[in-house]
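To keep things clear, I will list the structure first and then write my remarks on it.
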Amino acid sequence: MYNKKMHHLGSVRSVIRELFEFGKKRALEVGADKVYDFSLGNPSVPAPECVNQAIKELVNEMPSTALHGYTSAQGDLNVRKAIAEYINERFATKLGADSIYMTVGAAASLCITLRALSDGQDEFVTVAPFFPEYTVFTEATGATLKVVPMKKDDFQVDLVEFEKAITPKTKGIILNSPNNPSGVVYTKETIIGVTTILGNKQKEYGHPIYLISDEPYRELVYGNVEVPYLMNYYDNTIVCYSYSKSLSLPGERIGYIALSDKLQDERDIYACVCGAGRALGYVCAPSLMQRVVEKCLRATPDIGEYKKNRDLIYGALTEMGYTCINPDGAFYLFVKALEDDANAFCDRAKQLGLLIVPGDTFGAPGFCRISYCVSYDMIKRSLPAFKELMESYK
Ligand code: PLP
């Protein structure tokens, strides 16, 4: 026999992928100009020029065997050193090269971290709305994922519900800010609230509760909004970072895990991270990409493009009467559906060529996600369809 759970994961596509595939098929039937695909979070702005430049330099300057060979399992020493120094400079931390473990993106950072921490049987807690793959990643370790219900007015963390969710079985918390799917950045007050609760619970239960900060959207913020660096608020923090969105490199698979230097049992946890990376068969993160990110530590994509898109879609939809928060980060707009059943609402939108994702997938029934990492022109062309959708409910 085979593994039924894996068979299920491999046969049932995610709602998001399903919509994306539908969009491609529909475009062939009715024409690409009549399909408005807001389903995927695939960056729409090109990688910064620094990335292309770095690839060219590396290919021309480094011996091929070194450039394309295995690196240390935890990542090239100079790359890890450079990343640690950059984090220290930005966030006044005291990380060293051995605080960093290079990975193939945030998904791997999370899978490795969860595997490193979990003995099976444990509980991890996250806050709705949340990235649906957290359930897959957590359950793959034998642990369970508990979801704190969302705070519908502002999508910050409901601290009363959060506190209720923490039990003696809680091994860790997964927080994601800027958030997919809401685009919300958790405020300093939220972070202080969350970390105070965790600190008290650790004392009460007599064991560490790890805070896993999933940060692929850290660099995608609009205006002067601060994204608190969780290591500065809570010692038992592990950062799962990725360059997928910050350098528009999702297909190249590169990211890292950073352990706070104040983490309880820090050396043991680092050994567990190395062990989990080994057990999961990652061997090492792509050598060329490790060197590319080292050369592009300070580069960001053209945030202006995303901001233009956000301003256009947020302005137009709220003017039509849709309800949503103006997101401070990431490239998602989280809109209240015009009926209780967001699936029915998204189905009706689909008839008009609008591919948007029902919030149920994110633990947020009654809402839907619009990914605005698309062309400005497509957003403009889609507005009459959004208007027609609104009219159809009147
Ligand atoms: N975490 C969140 C919140 C995401 O939105 C994504 C991707 O969209 C990931 C993790 C996975 O990112 P990566 O492509 O770096 O594995």
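Remember, it's 1-based here, ligands and their atoms both numbered in the order they're listed. Position 1 is the first residue of the sequence; numbering continues from there.
Ion pairing between a basic and an acidic side chain is recognised when a charged N comes within 4.0 Å of a carboxylate O; Lys151 and Glu161 show no such pairing. The pair Arg80-Asp76 does not meet the salt-bridge criterion, since no charged nitrogen lies less than 4.0 angstrom from a carboxylate oxygen. A salt bridge does not link Asp122 with Lys169: every distance from a Lys NZ or Arg NE/NH1/NH2 to an Asp or Glu carboxylate oxygen is 4.0 Å or more.
Here Phe386 and Tyr36 keep their ring centres 6.0 angstrom or further from each other. Proximity of the aromatic rings of Phe130 and Phe362 is defined here by a centroid distance below 6.0 angstrom, and this criterion is not met. Between Phe137 and Tyr134, the ring center distance fails the sub-6.0 Å criterion.
Between Ala106 and ligand 1, at least one pair of N/O atoms sits closer than 3.5 Å. On a distance-only criterion, Ser242 and ligand 1 share at least one N/O pair closer than 3.5 Å. Between Arg253 and ligand 1, at least one pair of N/O atoms sits closer than 3.5 Å.
Taking 4.0 Å as the cut-off, Tyr243 does not count as a neighbour of ligand 1 on heavy-atom distance. The shortest heavy-atom distance from Pro250 to ligand 1 is not under 4.0 Å. At least one heavy atom of Lys245 sits less than 4.0 Å from an atom of ligand 1.
Ring geometry for Phe345 against Tyr393 counts as tilted: the plane angle lies between 30° and 60°, on a 0 to 90° scale.
Contact annotation: for Ala107 versus ligand 1, heavy atoms closer than 4.0 Å belong to both the backbone and the side chain.
Those atoms of ligand 1 that come under 4.0 Å of a heavy atom in Tyr217, given as number and element, are 3 (C), 4 (C), 5 (O), 8 (O). Using a 4.0 Å cut-off to heavy atoms of Asn180, the atoms of ligand 1 that qualify are 3 (C), 4 (C), 5 (O). Within ligand 1, counting atoms from 1 as listed, the ones closer than 4.0 Å to a heavy atom of Ser244 are 13 (P), 14 (O), 15 (O). Distances below 4.0 Å separate heavy atoms of Asn176 from the following atoms of ligand 1: 3 (C).
For the residue pair Gln156 / Thr190, a side-chain donor-acceptor distance below 3.5 Å is found, with atom types taken as modelled.
With Tyr217 as the partner, the side-chain contact (heavy atoms from CB on, under 4.5 Å) test is satisfied by one option alone out of Asn176, Val227, Val185: Asn176.
With atom 4 (C) of ligand 1 as the reference point, the heavy atom nearest to it among Phe131, Phe130, Tyr241 is part of Phe131.
Of all protein heavy atoms, the one lying nearest to atom 2 (C) of ligand 1 is Asp214 OD2, 3.3 Å.
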